[in-house]
Amino acid sequence: MVAKIASGKSIRGIIHYNEDKVAENQAKLIMASGFAGEVEQMHIIQKLKRFERLTELNGRVKTNALHITLNFDPSDKLDNEKLQQITAEYMERIGFGEQPHLVYRHFDANHPHIHIVTTNVTKEGKRIDIHGIGYRLSENARIEIEKEYKLVQASGRQLRNVLGIKAAEIEKATYGSKPTKRTISNIVSAVMRTYRYTSFAEYNAVLKQFNITAIRGREDTKMFENRGLLYSIVGEKGEPIGIPIKASHIYCKPTLDNIGKQSGFNKEKRKVLKEPLISAIEKVFDRYHGLTRSTFIEELDKRNIACLFRQNEQGFIYGVTFIDHNRKTAFNGSDLHKSYGAKALLERFRETDVPIKKEKETHLQQQEKTDFLKPSTPTNFLDMILAKGNNEPAPLLGKKRRRKKGKSQGQEPQQGL
């Protein structure tokens, strides 16, 4: 189980995000703790008012909304009742058992997962401290719940496809339609939450993997000067499709400033993921005496790693970005090492591929290998000695007697008179 906790200032935006999913038949409200009435008959206004009454009790608390996702391995078989039990247990362990919360089960990924909406303002108007709640409370709660419910453990590894993101379907994008806006919002939010990037260029490179792009506009425009940002679905040739959405209209607020803050947080987290990516790149080169750029890209793609060479309008290549989808990380080539920058890589490529072929072993090499591996027959020296003793006398092992002086060999002693 993987738990992700995001805090924000707009509980309305979080509720609308989940309710939109329900309207698209991609989610279902399975639990409403601390609410009056039947879950199926609850209106969105009722849900909003319940939280707004609490947040109004303490206007000093600006960050008053929590959006928690609990993600499970595809092999975990969980019905709605079991998910309700897990949610109640988890919320109790992190100190939110008494807080009203809505639980939505989503069906837009290939693994079971739920979204929990709640607030950190109590009915007494007090603020629940959420600073460091992930490592202080959530991590221990996750470990204990995994054991109690016999879930696939997430410690020391990533759950399979637990943060999978479905790319925008270009052919279904409709100019200015609400579903298109939701698609953009969902993908942008997922990328911001799950991928580790350290620059706007890396962030945008990841978005393009899912057919979305972030647009700053030309440098001579007011939007660029005011640090504005638009998001749009892109076509096969990279052209925007439909009406772009302002960053401020997406509930996770993916503005330039927030992207910059997230990039700063990611710098330290990304360090440990550098060596695995370098190792994967070198394994590709190790298979060839020489290889072309296209083959290099294809080989990495088989390993779920995207390699994107950046070029200007004149066709000059000036940079490269690697996106490791296995570890949800983006790296500028030169950040890995100078030997993985665009210029250095282009110098390593050749016009044709020359794979390294394994040499066939000769018959003599195979025989030597077989003889070497064949266990030697044990020799029982004791049995050999005993067998030999049946046919001939055993050798004397005692000391030889000394001969008396004056007596020749074979001479018998004289009898006394």
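- Atom CD of Glu219 has 12 or fewer heavy atoms from other residues, nucleotides or ligands within 6.0 Å.
- Residue Leu70 holds its CG atom at 9.0 Å from CE of Met91, rounded to the nearest 0.5 Å.
- Electrostatic pairing of Asp129 and Arg127 counts as a salt bridge here, judged by a charged N lying under 4.0 Å from a carboxylate O.
- Of the possible donor and acceptor atoms, one in the side chain of Thr221 sits under 3.5 Å from a partner among the backbone N and O of Arg218.
- Tyr203 and Gln262 are not linked by any side-chain donor-acceptor pair at a separation below 3.5 angstrom, with hydrogens and angles left out of the test.
- For the residue pair Lys47 and Phe51, the shortest heavy atom distance occurs at O-CD1, 3.3 Å.
- How far CD1 of Ile130 is from CD1 of Ile5: 8.5 Å, rounded to the nearest 0.5 Å.
- Ion pairing of Glu298 with Lys302 is absent here, as no side-chain N (NZ or NE/NH1/NH2) approaches a carboxylate O to less than 4.0 Å.
- Remark: Arg12 engages Glu52 in a salt bridge (Lys or Arg N to Asp or Glu O under 4.0 Å) (not counting sequence neighbours).
- Of all the heavy atoms in Asp79 and Arg105, the pair that sits closest is C-NH1, 3.8 Å.
- Taking both residues in full, the closest heavy atoms of Met42 and Phe35 are given as CE-CD2, 3.3 Å, listed atom of the first, atom of the second, then distance.
- Taking CG of Leu273 as the start and NZ of Lys328 as the end, the distance is 11.5 Å to the nearest 0.5 Å.
- The existence of a salt bridge linking Lys147 and Glu144 is excluded, since no basic side-chain nitrogen approaches an acidic carboxylate oxygen closer than 4.0 Å.
- Within the model, atoms CG of Asn58 and OG1 of Thr55 stand 9.5 Å from one another, a figure rounded to the nearest 0.5 Å.
- Look at Arg196 and Glu268 and you find no salt bridge, because none of the NZ, NE, NH1 or NH2 atoms lies under 4.0 Å from a carboxylate O.
- For the pair Arg293 and Phe309, the cation-pi test (distance below 6.0 Å, angle within 45°) is passed.
- Looking at Glu282 and Arg348, a side-chain N of the basic residue comes within less than 4.0 Å of a carboxylate O on the acidic one, giving a salt bridge.
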Donor-acceptor contacts under 3.5 Å from residues 254-261 side chains, at least two apart:
unit_1	atom_1	unit_2	atom_2	d
Thr255	OG1	Asn258	N	3.3
Thr255	OG1	Asn258	ND2	3.3
Asp257	OD1	Arg227	NE	3.4
Asp257	OD1	Arg227	NH2	3.2
Asn258	ND2	Lys253	O	2.6

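- Shown here for Phe224 and Gly217, the closest heavy-atom pair between the two residues is CD1-O, 3.5 Å.
- Residues His111 and Asp73 have side chains that never bring a donor and an acceptor to within less than 3.5 angstrom of each other.
- Annotation for Pro100 and Thr118: closest pair O-OG1, 2.8 Å, computed over non-hydrogen atoms.
- If you check the side chains of Arg310 and Thr321, you find a donor sitting under 3.5 Å from an acceptor.
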Can Lys222 and Glu225 be said to form a salt bridge (charged side-chain N to carboxylate O under 4.0 Å, His left out), step by step? CA-CA 5 Å; Lys222 228 173 191 181; Glu225 183 182 344; over 6 Å; no
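- Note: Tyr288 and Phe349 fail the aromatic proximity criterion, with ring centroids not under 6.0 Å apart.
- The minimum heavy-atom distance between Lys274 and Asp335, with the atom names listed, is NZ-O, 3.2 Å.
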